[in-house]
Every structure is written in structure tokens, then in C-alpha cells.
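Report on one structure; see the data block that follows.
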Number of protein chains: 2
Amino acid sequence: MADTPDYTIDATETSLDLLEMLAESPDPLGVTTLADRLDVSKSVVHNHLSTLRARGYVLKRGNRYEPSLRSLSLGSQTRAKIPVYQSARQQLDNLAAASGETSVLFVLEETEGVPTYIAEAAEGWSPQYREGERLPLHINAPGKAILSSLPDDRIDDVLDAADLVAPTSATMTEPAELKAALRSVRDDTVAFCRGEQYEGIVGVATAVSTSDTDHVAAIGVCGPVDRLNGRYLEEDIAGQVLSTAKSIQVALTSQ
Amino acid sequence: MADTPDYTIDATETSLDLLEMLAESPDPLGVTTLADRLDVSKSVVHNHLSTLRARGYVLKRGNRYEPSLRSLSLGSQTRAKIPVYQSARQQLDNLAAASGETSVLFVLEETEGVPTYIAEAAEGWSPQYREGERLPLHINAPGKAILSSLPDDRIDDVLDAADLVAPTSATMTEPAELKAALRSVRDDTVAFCRGEQYEGIVGVATAVSTSDTDHVAAIGVCGPVDRLNGRYLEEDIAGQVLSTAKSIQVALTSQ
DNA sequence: CCGAACCGTTCTTCTCTACAGAACGGAAAT
DNA sequence: ATTTCCGTTCTGTAGAGAAGAACGGTTCGG
């Protein structure tokens, strides 16, 4: 009960708490466990689970509950409506095949970046993050590419709103330092990431500037530093990323 | 209010109604539209949207609301926990490349089949359904493969629970007819679909029998009849599907 | 083989939440 | 400039959802 009346629906929050808890848990959970963790009564948990089950969001095996793939359905539906996703998918598959490394599409959501499509190369590195997850923008190459493509005032907004966490020692946490980096990204049209998200993982990315101003996006390639290091120049990975971005833009504007 | 007390949470249902309505709508919707469609007051819609927004499930552009990719995140998390998905993904990419046609993994959920991974071939046909969607089991090849791998009594349960809808004139709607078909699927270890889901689209599938009894699964290949017709024999597509299933089973049991 | 502990479900009582509807205020349209 | 539309805020009230006890099935441990 804050002094700011917050017209927010408790029941919905409880249901979402349950759904998220089930999704995060590696294995199915029972009513008592959930009730304890959320600090509500068992009957409440039971009623919410019944509701979620009736709606197809939760499955029951014996007396354990687990999430269904219903939310994947909602997610796919939502993603399918994003024009840049439609255009980028195939192109990212090609990029992954050509570069031999994992290729990703990031989209801006609020003040964070969402990996919207991940094309894993056959022998490539698999990122820890999953499609749909929200990640800080300042710790990876596509995030920086997205940031650099924003107008200056929005960059400030985002940097203010985001807490500049540092997953590794290489992460830039100073706004000033970051903004300097972003200027050079804007000049070069490519962003790099050198172990700022995961130790030993590097990335190249570029913004996908599109007429669809609703969805600010970037694509990139990432992988272990020892695999990618020499190949930046030899095989011109940055060039491949740039030309892929170009193709996506062409596909987007031509339709 | 039915005579059966249904301990179900209205607020949660309203929130899910909103979320699903936004997901299904091709473009963002306003408060009034949503209130009209759901037949609730505007303030209720507003409160629910605020809640969903605070939780990151809904975005607001101007005064239109749209779903975020948050549910994709939940969905990916859930899917990542399914062992057969982990093993099948790469193999399905290979199958799609080798066969040149879209390859899919279906998993049984309640009494329906869920396309859990779709590997689209470069020039292949794109299915109308999306990952996570629930589809009837009797209208496609992987569905039939899943059905045939179930014990007889469960087949009856599923056929009773499902309404045997007929999207095309080729769909089998008679339980007896279907069960006869399932027997031959069990004998041959491959299931076929000949335009029973979409006119002119055919498929081959086989069950992935796994030690993970929680997830009954099948993989398959599908595409336009005129592309696949001769190639069944020439390139032995059914054989490719079978050997892919074998590899997946090996990968699953070896870990 | 029996008893105790556990857990999911059902049920009842009561409080407070979530709903409807009105009022407000800003933007867009005529 | 005036009207209309729509999102947001506010308020009273009915009824829904929370808590907790009680039930019944299953699974332990003795």
C-alpha cells in the first residue's frame, strides 16, 4: 500500500508470479512449494493454477504443475507481426551459414534489447540468453548498434533508465565513456562487443535502419574470441553483417 | 455461475483475455475497443493493462496497446526444458537442408499437438501454424505419428476429447477409419498426411520414441504435393525422416 | 502392517479488491 | 471555437478472492 494509488490488479500479479515461477523452475512444482515461495495460502495457489490450467497456460502431471507452450504461441504471434523479423529471418540463417557463427536480431523494447531471432550456426557458440529475454543495451554489440541509431535525447533517456550493470570486467559502466563509444559506432556503422557480456565472447553488429519507426533493430554475429579474432579481417565478418543488414532493409522497403 | 463451483479467478481471465486479444490483433488496440469487445468497463481494461504493462507483457504506443515479447521469453524458457527439443533442433535443421522441405517437431500437450520447432528450408513451404500453437492430432502427419505411439486406451481418450474437425475434404473424421489408419502407421513406423490439414500440402512423419515419457513427440517433413510427390521414392524422404528420428533418439539416450 | 506426516483439494467465512459508472481533461475533428 | 471522442482518474458498493481449517488420499517411517 503505497501512498500513490496504483490501480493494479493483485490477482493478475499473483497469476503472473506463478507462471513465471513455473517457467523459471527447472522442474515441475507442487502447490505447497509455490505457496511457500510466494507467501500466499495454498488455496489461492490452487485456484490460480486451476484458472491458468483451464486457459491452457499450465499443465498438471500428477500433482506437480509446469508451464505449457501456450506462451510460446502468444510469443510467436507477437513476433510474427514485427516486419523486420519477417525480413531478417532468412537473411540471418544465411549469415549464420556464411560466417559459421551465431547470428542474431535484436529489437528495442522500452529501454532494453530483445533477441528476437537467433540463428545458430552448425558448430557455433550458443548464447546463454534466449529469444524474448530482455537484455541491457550497453553490454552487447547489437545493443550498442541500437543505441547509436537513436536520437541523442533518447540515448540519454535509456541510459538514465537502465542500470549499467557490469557482467564482466570489460563492461563500460560510465555514461560518458559509453557515449563516446556510441559516437564511433555511429561513424563506423558497426558496433563491437569485446567480452562485455560474457567473458571471451565477442560480437559485431550494425543497426537495421527501417521505415518502420516502431521497431528499432540491429543484427549481429557473436562467438568465442579465439574463433572470431583473425576472421574479422580475413573473411570480413563485419562486411558480411553490413551487407546482410542492407538486404534486410531492401526487403523491408520493397514490400 | 454454474451449479458446479468453479473456483476460478475472474481477474486473471480478464487479463488473459486482454493479452490474447492483443496478440491476435494485427495492430495495436485502444482501451475503448478492448472494453467493447470484452464487454467490460473502460476502467477495468485500463487497470488490467496497467498491470500487464508494469509486468512487461504489454507495451503502450501513444494510446494504443500491443503485446510485448515477454511471452516469447516465457515460451523459450519452457521449450528449452524439453529434452527432445534440445536434441531435435540441430537434427531438424539438417533434415530441412537435406530434404529441402520444412521440417517440424511436434510434442503432445493434453490432447493436441504443438509444433515445438519449425525448421524452414530455404525455398520451402511455410506452414500457416506457428510454434506453440495447439493443433488437432488427426489432421497432420506428426499428429498421427504421435497418436500411433500411444497405448490404445489413451488413443481412445484423445479421440473422445478432440472434436474431429475437418479443414479439408480429405480429413478423416470417423474414429474407426482413423484407428485403422493408425494401425498401419504403427506397422510402417511412418505416418503420412495427404492434404488433410491444408489443401495440396502433404507430409511424412515418424514418432520419436524416447525414455522421457513426459514428452511424446514426433518429427516430420511437409510441403506442397507437387514438390514432394515424386521425391518420396527418388530421394527417400521417409527414410531421411526415419534416420533423423533415430539420431535424435540416440542423442537423447546417450546423455 | 499400522500410524503419522504430508500434500493437494474442498469448503466456509469475511474482508477488501476489483468492478461499474460517472466525472475529468486533453486531443482531434468539424 | 465548439463539439466529440477517448484515455485516465475517482468513488461507492457488491461480490470476488484470500485465509485457514477440514477432508481424504498417498507416502513415508516405525
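Hydrogens, waters and symmetry mates are skipped; everything else that's a heavy atom, side chains included, is used. Proteins come first, then strands; the chains are lettered A, B, ... in the order of their sequence lines, and each starts at number 1.
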| Which nucleotide in the set C:dT17, D:dG7, C:dG8 lies at the smallest distance from any side-chain heavy atom of B:Lys60? | D:dG7
| said: Under a 3.5 Å threshold, yes or no: a donor from one side chain and an acceptor from the other, between B:Ser126 and B:Glu120? | reply: yes
| task | For A:Ser41, report the nucleic acid contact type (base, sugar-phosphate, nothing); a contact means any heavy atom under 4.0 Å. | result | base
| request: In sequence, state the C-alpha distance, the side-chain angles, and the governing distance for A:Val45 and A:Val40, and then conclude on side-chain contact (heavy atoms from CB on, under 4.5 Å). | output: CA-CA 7 Å; A:Val45 171; A:Val40 288; 3.7 Å; yes
| query | Base, sugar-phosphate alone, or nothing: which one does B:Thr8 contact when heavy atoms must sit under 4.0 Å apart? | reply | sugar-phosphate
| query | Step by step, would you call B:Asn140 with B:Glu196 a side-chain contact (heavy atoms from CB on, under 4.5 Å)? | reply | CA-CA 7 Å; B:Asn140 51 44; B:Glu196 284 145 88; over 6 Å; no
| message | What is the separation between atom OH on A:Tyr7 and atom P on C:dG21, rounded to the nearest whole Å? | response | 18 Å
| In whole angstroms, how far is the P atom of D:dG20 from the CG atom of A:Asp39? | 10 Å
| field | OP1 or OP2 of D:dA18 under 4.0 Å from side-chain N/O of A:His48 | value | yes
| Atom pair distance, as rounded to whole Å: CG in A:Leu34 and C1' in C:dG8 | 12 Å
| query | When you check the phosphate oxygens OP1 and OP2 of C:dG8, does a side-chain N or O of A:Arg64 lie under 4.0 Å from one of them? | reply | yes
| request: Could you pick out which residue, A:Thr33 or A:Ile9, lies toward the 5' side of DNA chain C when each is mapped onto its nearest nucleotide? | output: A:Thr33
| note | Against the side chain of B:Ala11, the closest entry in D:dT8, C:dC19, D:dA19 is C:dC19
| A:Arg79 side-chain N/O to B:Leu69 backbone N/O, donor-acceptor pair under 3.5 Å | no
| field | Any A:Thr32 side-chain nitrogen or oxygen under 4.0 Å from OP1 or OP2 of C:dG8 | value | yes
| request: Grab the CG-P distance between A:Leu49 and C:dT9 for me, whole Å please. | output: 8 Å
| query | Any side-chain N or O of B:Tyr65 less than 4.0 Å from the OP1 or OP2 oxygen of D:dT8? | reply | yes
| Where the side chain of B:Val40 is defined as all heavy atoms beyond and including C-beta, which of D:dA18, C:dA20, D:dG7 is the nearest nucleotide? | C:dA20
| request: Round to a whole Å and report the spacing from CG of A:Leu38 to P of D:dA18. | output: 11 Å
| query | Rounded to whole angstrom units, what separation is found between the NE2 atom of A:His46 and the P atom of D:dA21? | reply | 18 Å
| said: If you assign A:Thr12 and A:Gly30 each to the DNA chain C nucleotide with the nearest heavy atom, which residue ends up on the more 5' nucleotide? | reply: A:Gly30
| query | Pick from B:Ile118, B:Leu135, B:Val216: which one makes a side-chain contact (heavy atoms from CB on, under 4.5 Å) with B:Phe106? | reply | B:Leu135
| Rounding to a whole Å, what distance do you find between A:Asn47:CG and D:dG15:P? | 19 Å
| field | Between C:dT17 (P) and A:Glu13 (CD): distance, integer Å | value | 13 Å
| query | Counting only distance, no hydrogens or angles, is the base of D:dG20 paired donor-acceptor with the side chain of A:Ser43 under 3.5 Å? | reply | yes
